[in-house]
Amino acid sequence: MTAPRNIVILTGAGISAESGIATFRGPGGLWEGHRVEDVCTPEALAADPVLVHRFYDARRAALSAVEPNAAHRALARLDAEWPGELLIVTQNVDDLHERAGAKRLLHMHGELRSALCARCGAREAWEEPLPPGSMCATCGKAALRPDIVFFGEMPYHMDVIERALSEADLFVSIGTSGAVYPAAGFVQGARYAGAETLELNLERSAGSGYFHETRLGAAGVLVPAWVEELLAA
Ligand code: APR
């Protein structure tokens with residue numbers, strides 16, 4: 001393979017697991033007995049806003065107790081040193097990629113440390129608990145909600161992501177089960193565009209069959225080794 005120029009990296013909950021943030025579909029993948037799919041839908045938000053806001057308040061508060069791990073730091077190093085195009089697309093709503101120093105980063109499922117106005121679409125950085133009915137500073141209505149893409153809603157930045165995939169020479173998926181679309185379909189789009197595809201994951205995923213290569217192991221071990229290999233080439 002000629003040296004890649006344009007790299008797209010997709011990350012999932014597995015890259016944050018070694019920082020102590022629970023994944024969704026692992027052994028501890030329930031939250032207070034709720035499946036994520038049951039708590040994170042527009043219907044759940046309408047039916048029980050207190051429960052849904054509490055779910056995200058707990059996850060936002062937990063961010064102050066965790067740190068980026070070696071995998072986040074390795075991707076931030078690659079971002080800083082890679083001379084070609086590079087885009088990190090994360091499904092995660094934590095801020096560990098940013099705190100490790102990543103710059104060329106998009107959150108396709110939203111961010112815990114952001115509040116979205118359901119009425120005017122304005123966003124505000126948000127660190128504290130977000131009670132239902134919090135006031136939007138832009139339109140002055142009590143319409144702030146967690147800035148999270150719920151099941152059934154359109155992920156963010158899909159136009160930019162699809163363009164990057166169409167121009168990618170290398171697509172790397174890290175720490176995701178390949179259970180949720182459209183992210184789970186990115187590997188097929190990248191292959192269609194002629195990219196090499198590599199999966200780094202603790203176990204085989206639903207998408208493993210689509211990758212040219214799958215390396216099994218912990219992200220904290222596989223990602224720094226892969227970045228070292230890529231930068232040395
Ligand atoms: N290193 C690498 N991979 C790991 C590690 C680790 N230390 N620990 C777990 N994994 C892998 C698991 O084997 C699994 O394949 O990470 C993957 C996590 O899968 P999920 O829990 O399904 O998380 P994710 O794929 O990010 O979920 C996608 O689903 O719930 C929605 O919106 C939510 O963004 C999330 C989306």
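Values below: all heavy atoms of this structure, side chains included; hydrogens, waters and symmetry mates excluded. Ligands are counted one by one from 1 in listed order, and the atoms in each one are counted from 1 as well. Since this is a predicted model, take the numbers as computed values, not measurements.
- Taking every non-hydrogen atom of Ala218 and a distance limit under 4.0 Å, the qualifying atoms of ligand 1 come out as 1 (N).
- Looking at ligand 1, you won't find any N or O of Val180 less than 3.5 Å from one of its N or O atoms.
- For Glu228 and Arg77, the salt-bridge test passes: some basic side-chain N is under 4.0 Å from an acidic carboxylate O.
- For the pair Phe151 and ligand 1, the shortest N or O to N or O distance does not fall below 3.5 Å.
- At a heavy-atom distance under 4.0 Å, atoms from both the backbone and the side chain of Gln91 approach ligand 1.
- Within the listing of ligand 1, atoms 1 (N), 6 (C), 7 (N) sit less than 4.0 angstrom from a heavy atom of Glu18.
- In terms of N/O distances under 3.5 Å, ligand 1 is approached by Ala219.
- Annotation: Asn92 places no N or O atom under 3.5 Å from an N or O atom of ligand 1; distance criterion only.
- A side-chain contact (heavy atoms from CB on, under 4.5 Å) with Ile15 is found for exactly one of Ile88, Leu96, Leu75, Leu200, namely Leu75.
- In terms of polar-atom proximity, Asn201 is counted as a contact of ligand 1, with an N or O under 3.5 Å from an N or O of the ligand.
- Of the residues Lys103, His107, Arg113, the one that meets the side chain to side chain donor-acceptor pair (under 3.5 Å) test with Glu98 is His107.
- Taking the side chain as every heavy atom from C-beta outward, Trp126 and Leu144 approach each other to under 4.5 Å.
- Listed by chain and number, the residues in a ring pair (Phe, Tyr, Trp, His ring centres under 6.0 Å) with His97 are His72 (sequence neighbours excluded).
- Heavy-atom distances between Gly217 and ligand 1 reach below 4.0 Å in at least one pair.
- The shortest distance between side-chain heavy atoms of Asp79 and Leu105 does not fall below 4.5 Å.
- Partners of Glu124 according to the salt bridge (Lys or Arg N to Asp or Glu O under 4.0 Å) rule, which considers only residues two or more places apart in sequence or in another chain, do not exist here.
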